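Per chain, numbering begins at 1; letters A, B, ... match sequence-line order. All values reported here derive from a predicted model rather than from experimental measurement.
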Amino acid sequence: MPELPEVETTCAGIGPHIQGQLVTKVQVRDKRLRWPVPENLSTTVEKTILNRVYRRGKYLLFEFDHGVLIGHLGMTGSMRIVAHEEPPSFHDHVDLVFTDVTLRYTDPRRFGCILWHPHPVTDHPLLAHLGPEPLSDAFNTDHLVAACRGKKQAIKSLIMDSKKVVGVGNIYANEALFMAGIHPHRQAGRISSKRLSVLVECCKKVLAAAIEQGGTTLRDFVNSDGKPGYFKQQLQVYGRAGSGCVTCEKTLLESRLGQRSTVYCKGCQT
DNA sequence: AAATTCTCCTGAAGGC
DNA sequence: TGCCTTCAGGAGAATT
């Protein structure tokens, strides 16, 4: 599924092909995404220039002079550059046709979205209350300590809350907590600043490593649909419940936290 | 207010 | 082989 590293990879992969280009046509084959694709998207965007593509959290933002197209890949979405003549498949719901290439949005489960918002896009309800980027300096010990203070919520749920910090999905939350030696169910407010400091660094390390892996798929991203398997080989806990801990060899346990699969080592994480 | 549960959806995987 | 059932999960909405 698209985690932050894949969104980053997508952004870097498609941007150079379409930034500064004219949108000649918007083709919506199925508007039933998480929210309906706006009816007037075509008239809003056609015959205008896309200035740039950038990322905020897991949102892909397509900036025009008069507003921003907000894209999210949900669980199964992808965006790629295709030739104009490439015939659409069943789950290819939206095309942005540019002069030279087509940007194609595919999403079997339709958990993603394509929306429009006038400037400034930071006013949009989906973006207005997002926490800092995990790899930025704004995500630091002070920030996490303040976010955890007095909270009874499990630490894993807290770091997956996009209002606290964006882009830490289930896989990376599991991995970062293992790396930090913190039990995922531990109450956020009962973790020392010292340990939260370690967790901040572990989140950054895990995400940075994954982005680096995502970078390896970058070069062929435009003509393939992003394989999710490229970072699997270095996962320490996610998907390994019942197997041995890579550190102490104890059997990794699995629980549910929220609706999410949570895997941890009873020996290494406290 | 804070925390948890529900919800959207479809393909993959497992059971019999 | 094939038809079940279950599960996966981002994140807003609903509920407790």
Quick check: any donor-acceptor pair below 3.5 Å linking the side-chain of A:Arg109 to the base of C:dA8? yes
Report yes if some heavy atom in the side chain of A:Arg186 is under 4.5 Å from a heavy atom in the side chain of A:Lys156; otherwise report no. no
Atom pairs under 3.5 Å: protein N/O with N/O of nucleotides 1-3 of chain B:
| residue | atom | partner | partner atom | Å |
| --- | --- | --- | --- | --- |
| B:dA3 | OP1 | A:Lys152 | N | 2.8 |

Are A:Arg29 and A:Asp95 close enough for a salt bridge, meaning some N to O gap below 4.0 Å? yes
Determine: side-chain N/O of A:Arg110 to OP1/OP2 of B:dG11, distance under 4.0 Å, yes or no. no
Below 4.0 angstrom from OP1 or OP2 of B:dG11, is there any side-chain N or O of A:His91? yes
Starting at CD1 of A:Ile70 and ending at C1' of C:dG12, how long is that distance when rounded to a whole Å? 14 Å
Would you say A:Val7 and A:His72 make side-chain contact, with heavy atoms under 4.5 Å? no
Does some side-chain heavy atom of A:Leu177 sit less than 4.5 Å from a side-chain heavy atom of A:Thr262? no
So do A:Arg104 and A:Thr106 actually touch side chain to side chain, heavy atoms under 4.5 Å? yes
Rounded to the nearest angstrom, tell me the gap between atom CD1 in A:Ile159 and atom C1' in C:dG10. 15 Å
Classify the nucleic acid contact of A:Phe90 as base, sugar-phosphate or nothing, counting any heavy atom under 4.0 Å across all strands shown. nothing
Both A:Glu254 and A:Tyr59 contact DNA chain C. Which one's nearest nucleotide lies toward the 5' end? A:Glu254
Write down the distance between CG (A:Leu158) and C1' (C:dG10), rounded to a whole number of angstrom. 17 Å
Applying a 4.0 Å non-hydrogen cut-off, can you work out what A:Arg32 is touching in the nucleic acid: base, sugar-phosphate, or nothing? nothing
If I take atom CE in residue A:Met160 and atom P in nucleotide C:dG10, what distance separates them, rounded to the nearest angstrom? 6 Å
Taking CD1 from A:Ile114 and C1' from B:dC8, how many angstroms apart are they, rounded to a whole number? 17 Å
Please give, in whole Å, the distance from C:dT6 P to A:Gln259 CD? 15 Å
Flag the pair A:Asn140 / A:His143 as yes when at least one side-chain heavy-atom distance between them is below 4.5 Å, and no otherwise. yes
Under 4.5 Å between any side-chain heavy atoms of A:Thr10 and A:Arg55, yes or no? no
Considering the terminal five base pairs at each end of the helix from B:dA2-C:dT16 to B:dC16-C:dG2, what angle separates the two local helix axes, rounded to 10°? 50°
Length of the line joining A:Leu4:CG and C:dA11:P, which is rounded to integer Å: 10 Å
How would you label the contact of A:Ser261 with the nucleic acid (heavy atoms, under 4.0 Å): base, sugar-phosphate, or nothing? sugar-phosphate
With heavy-atom distances below 4.5 Å as the criterion, would you say the side chains of A:Tyr105 and A:Asp92 are in contact? no
Distance-only polar pair, side chains of A:Thr48 and A:His66, donor-acceptor under 3.5 Å: no
Student check: side-chain heavy atoms of A:Val168 and A:Leu207 closer than 4.5 Å: yes
Select base, sugar-phosphate, or nothing to describe what A:Leu73 touches, counting heavy atoms under 4.0 Å on all strands. nothing
A:Met75 atom CE is separated from C:dC7 atom C1', nearest whole Å, by 10 Å
Please classify the nucleic acid contact of A:Arg34 as base, sugar-phosphate, or nothing, using heavy-atom distances under 4.0 Å. base
